[in-house]
Amino acid sequence: MKIDRYKPPKSSFLSVEKDLSIITGNMEKCSRLKRLLCNTQENQNPLNQSTPDISISDMIEKGIVKIIPKLTIDKTLLNYLIIQFDNFMPNATNPEYRNNILEFDVVCHFNQWNIGDFQLRPYKIAAELDSMFNGKYLTGIGTLQFLGARKAVLSDEYGAVVLLYSVIHGEEDTNDYTPIKSDQDHFKQVLEDIKEDIDNN
């Protein structure tokens, strides 16, 4: 008799939620990043001001940090950080693994770019992110590898600096998987059927 055993899904796409948790957890500890994103008084260096009393989850809620790749401009918000996962593809040397790109889009109103002493806010934010993540581990195999950065002009009011990192994912993407109720019910029924077969024989 063939037993239909329960198998949890295995996919590199499951790594997205885990990587986001690690990324936002690291960002939570960085007061300089929070100051650069949230302190927007003109003619004042945001790093010389106190750290805002706001968590990264609150910043996601308010739309300052975005995990959905849609930029909706709010006139009260002048700086944004968009976290994206893109370009999933098989690893060139081992098809069991998949590569993907981790992208940080640092979007700032042009009035917010110059923070004094030749310092440009989006590049300061980029430096914080780069020092936080380049060469570091997420859930994947190996470390994040810097691929490049580019400037993007989004409108006559907003410009961005885009950071790109290479990530490699493998089978660890099934870790901590919790089956949904329908899967649990199916597996429970399979076990009951097996027990019934044993009792009948």
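Basis for what follows: all heavy atoms, side chains included, without hydrogens, waters or symmetry-related copies.
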Roughly how far, to the nearest 0.5 Å, is the [atom2] atom of [Y] from the [atom1] atom of [X]?
| X | Y | atom1 | atom2 | answer |
| --- | --- | --- | --- | --- |
| L81 | L36 | CG | CG | 11.0 Å |
| C38 | K62 | SG | NZ | 9.0 Å |
| S166 | N100 | OG | CG | 7.5 Å |
| L144 | L138 | CG | CG | 4.0 Å |
| L20 | I60 | CG | CD1 | 7.5 Å |
| T139 | D19 | OG1 | CG | 3.5 Å |

> In the hydrophobic clustering (ILVMFWY, side-chain contacts below 4.5 Å, transitive), which residues join L164, or is it alone?
Replying inline: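 Result for L164 is I101, L147, V162.
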Atom of [X], atom of [Y] and distance for their closest heavy-atom approach:
| X | Y | result |
| --- | --- | --- |
| G116 | N114 | N-OD1, 2.9 Å |
| P46 | I115 | CD-CG2, 3.5 Å |
| A160 | V107 | CB-CG2, 3.9 Å |
| F146 | A149 | CZ-N, 3.7 Å |
| F88 | V16 | CZ-CG2, 4.0 Å |

> Hey, any chance Y123 and V153 share a hydrophobic cluster, counting ILVMFWY side chains that come within less than 4.5 Å of each other, even indirectly?
Replying inline: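 Hydrophobic grouping puts Y123 with V153.
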>> Hydrophobic cluster membership, with links at side-chain heavy-atom distances under 4.5 Å among I/L/V/M/F/W/Y: are Y137 and Y97 in one?
In response: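 No, separate clusters.
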> For E157, which residues count as a salt bridge (Lys or Arg N to Asp or Glu O under 4.0 Å) partner, sequence neighbours excluded?
Replying inline: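 Testing E157 for salt bridge (Lys or Arg N to Asp or Glu O under 4.0 Å), a comparison that skips the adjacent residues, returns K75.
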> Can you name the salt bridge (Lys or Arg N to Asp or Glu O under 4.0 Å) partners of E28, sequence neighbours left out?
Replying inline: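 So E28 forms a salt bridge (Lys or Arg N to Asp or Glu O under 4.0 Å) with K34.
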Between [X] (side chain only) and [Y] (backbone N and O only), is there a donor and an acceptor less than 3.5 Å apart?
| X | Y | value |
| --- | --- | --- |
| N45 | L47 | yes |
| R121 | Q112 | yes |
| N39 | P52 | no |
| S131 | A127 | yes |
| W113 | P122 | no |

> Pairs in or reaching into residues 82-91: which pass side chain to side chain donor-acceptor pair (under 3.5 Å), with residues at least two apart or in two chains?
Replying inline: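 Found Q84-E103, Q84-D105, N91-T93, N91-N99.
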> What residues, two or more places apart in sequence or in another chain, satisfy side-chain contact (heavy atoms from CB on, under 4.5 Å) together with K66?
Replying inline: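 Counting only residues at least two positions away or on another chain, K66 forms a side-chain contact (heavy atoms from CB on, under 4.5 Å) with L71, Y80, I82.
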>> So, using ring pair (Phe, Tyr, Trp, His ring centres under 6.0 Å) as the criterion, who are the partners of F133 when residues are at least two apart?
In response: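 Expected list: F104.
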Do the non-hydrogen side-chain atoms of [X] and [Y] ever get within less than 4.5 Å of each other?
| X | Y | result |
| --- | --- | --- |
| V161 | L120 | no |
| I83 | M27 | yes |
| L33 | I125 | yes |

> Do T40 and H109 pass the side chain to side chain contact (heavy atoms under 4.5 Å, CB included) test, and can you show the C-alpha distance, the side-chain angles, and the key distance before you say yes or no?
Replying inline: CA-CA 10 Å; T40 58; H109 193 285; over 6 Å; no
How about [atom1] on [X], more than 12 heavy atoms from neighbouring residues, nucleotides or ligands closer than 6.0 Å, or not?
| X | atom1 | result |
| --- | --- | --- |
| K151 | NZ | no |
| D53 | CG | no |
| I54 | CD1 | yes |

>> For K124 and R32: C-alpha separation, side-chain torsions, deciding distance, then whether side chain to side chain contact (heavy atoms under 4.5 Å, CB included) applies.
In response: CA-CA 9 Å; K124 294 289 281 187; R32 290 171 57 87; 4.1 Å; yes
